Amino acid sequence: MNIACKPYARRLLAALAILWLGIAGAADRERIDWWREARFGMFVHWGLYAIPGRGEWVQWNEQIPVEQYARLAQQFNPTAFDANAWAGLAKSAGMKYMVFTSRHHDGFAMFDDGGNPFTSVNTAAHRDFVGEYVKAARQAGLGVGLYYSPLDWRYPGFFFPDLQRASAEAMREQYQRQMKALLSNYGKIDVLWFDGGEADWLSFGGDWGGAEAGANWVKRPWGKHYKGGFDWGHQQVYEMLRRQQPDILINGRADMREDFHSREGEGALGAFDNRQPWELCSTIAGAWGYQPGMVPRPLDHYIRLLVNVVGRDGNLLLNVGPGPDGRIDEVQAQRLREIGGWLGKYGDSIYATRGGPFLPGDYGVSTHHGNTIYVHVLKWAQDKLVLPAIPARVLRASALTGGAVQLAQNGQGVELTLPAAQRDAIDTIIALELDGPAAAIGTRAVP
Ligand code: GLC
């Protein structure tokens, strides 16, 4: 049949194409739905670097020779490691997923990588920590994430991808092999959290400047890209990971199409964004990797952080760095349980919500779910809170945190009054019940 001369056939094809695009778009949305609803996860940085206890960058920061650092693997025998205890703690913190460092920049694999001698299976511990972790997190009903660093400081090719091309290619070979192992040997993986895989991160983002730049290393200016001949081969990995794990979510640190974006550190809290899914990662105390005696901040700090992230429509991935024996410091565990206690009471205003419609401002933030807007008042500038007008009727205003809210709504806006003594010291949460879905209201700046 000659399709070109059959207009109805062309229309049918066009309709099918639109349907297919719609289904593909919906599939993407569905893949990420559980993650968006989860809102809060646990990041765990744990590897050989827990032994010196000076953070996960210790080898680089102190320029410890590769062979010397590798000897730590003979001492690594964390007898108190208990993946179920980690997962149990994540649950009691109100977290819904975990992300564990399967291999960091030091190159030590926490899983079975066949004959590779530098793994937790082939050294003193003789254990596959990724396997134990995946099983425990899955059993606890948590989303299972793996952090993975394609870059490996043991390869001169990372620093000199062109001069040391064979080494860079060996690093790539390891990356592809390890990806295959991680994606095939542990069942379903929900999140793959890349770090250090961008081509622009090769040689730490610097280029040899040549004579005109004074024969020096020059930091590649923003917007300029690595122009050398080495290629990470991310496209092959991307195809493999979509084939092996069709529902997996990936962040954007390996030059691949990302499902969500990573913001790193509390300083990167940034702006409200309800289009591109995003996650802020941050540590509970100290470095990402273990440092002894790190005392977390008071509870209100983490509640405000979580609320500020969720009110900007993001997720929070809060990191702990267990010690060399595998245990998470008790003071940190205690703080996590307190966060979980708060979420046990006020989780309705966090889980399965989206940010807005009232944009973040001096007062705090807002979230919504169904017909309810949750106003998180972190600071009262005056005796009442004045919010801009919305095209919906507020049927009822009540404070989740206690007290009697007075509500006044007119064409100018929504006014909420709560006596000072009834406000919460951390976050006064006021639920506004509307006569229709809150998602239908567009975002509104709060002056
Ligand atoms: C960085 C660091 C790393 C840490 C990560 C967490 O890029 O290289 O040590 O694992 O951030 O976001």
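Counting starts at 1 for both ligands and their atoms, in listed order. Just so you know, these numbers come straight off a predicted model, no measurement behind them.
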Should the ring pair Tyr186 and Phe111 be called parallel, tilted or perpendicular, given that the plane angle runs from 0 to 90° and is split at 30 and 60?
perpendicular
Which ligand 1 atoms are under 4.0 Å away from a heavy-atom of His104?
3 (C), 4 (C), 9 (O), 10 (O)
Should the pair Arg335-Glu338 be classified as a salt bridge under the 4.0 Å nitrogen-to-oxygen rule?
yes
Heavy atoms from other residues, nucleotides or ligands near CZ of Arg327 exceed 12 (cutoff 6.0 Å)
no
Show me which atoms of ligand 1 lie under 4.0 Å from any heavy atom of Cys281.
12 (O)
Checking contacts here: is it the side chain or the backbone of Arg253 that comes within 4.0 Å of ligand 1, counting heavy atoms only? Could be both or neither.
side chain
Heavy atoms from other residues, nucleotides or ligands near NE2 of His234 exceed 12 (cutoff 6.0 Å):
yes
Looking at Lys379, I'd like to know if its NZ atom is crowded, meaning that more than 12 non-hydrogen atoms belonging to other residues, nucleotides or ligands lie closer than 6.0 Å.
no
Nearest heavy atoms of Met171 and Leu151, plus distance in Å:
SD-CA, 4.1 Å
Numbered atoms of ligand 1 (with element) below 4.0 Å of Tyr147, judged on heavy atoms:
10 (O)
Nearest heavy atom to atom 1 (C) of ligand 1: which of Arg263, His45, Glu264 does it belong to?
Glu264
Side chain, backbone, both or neither: which applies to Trp193 and ligand 1 if a contact is any heavy-atom pair less than 4.0 Å apart?
side chain
For atom 9 (O) of ligand 1, what's the nearest protein heavy atom and its distance?
Glu56 OE2, 2.5 Å
Residue, atom name and distance, where the atom is the protein heavy atom closest to atom 2 (C) of ligand 1:
Trp57 NE1, 3.4 Å
Does the pair Trp46 and Phe129 meet the rule for a ring pair (Phe, Tyr, Trp, His ring centres under 6.0 Å), with working shown?
CA-CA 10 Å; Trp46 193 56; Phe129 294 112; 5.0 Å; yes
Starting from atom 8 (O) of ligand 1, which protein heavy atom do you reach first, and at what distance in Å?
His105 NE2, 2.8 Å
For atom 7 (O) of ligand 1, which protein heavy atom lies nearest, and how many Å away is it?
Asp195 OD1, 3.1 Å
Contact region, Asn319 to ligand 1, non-hydrogen atoms below 4.0 Å, reads neither
Going from CE on Met98 to CG on Leu89, what distance comes out if it is rounded to the nearest 0.5 angstrom?
8.0 Å
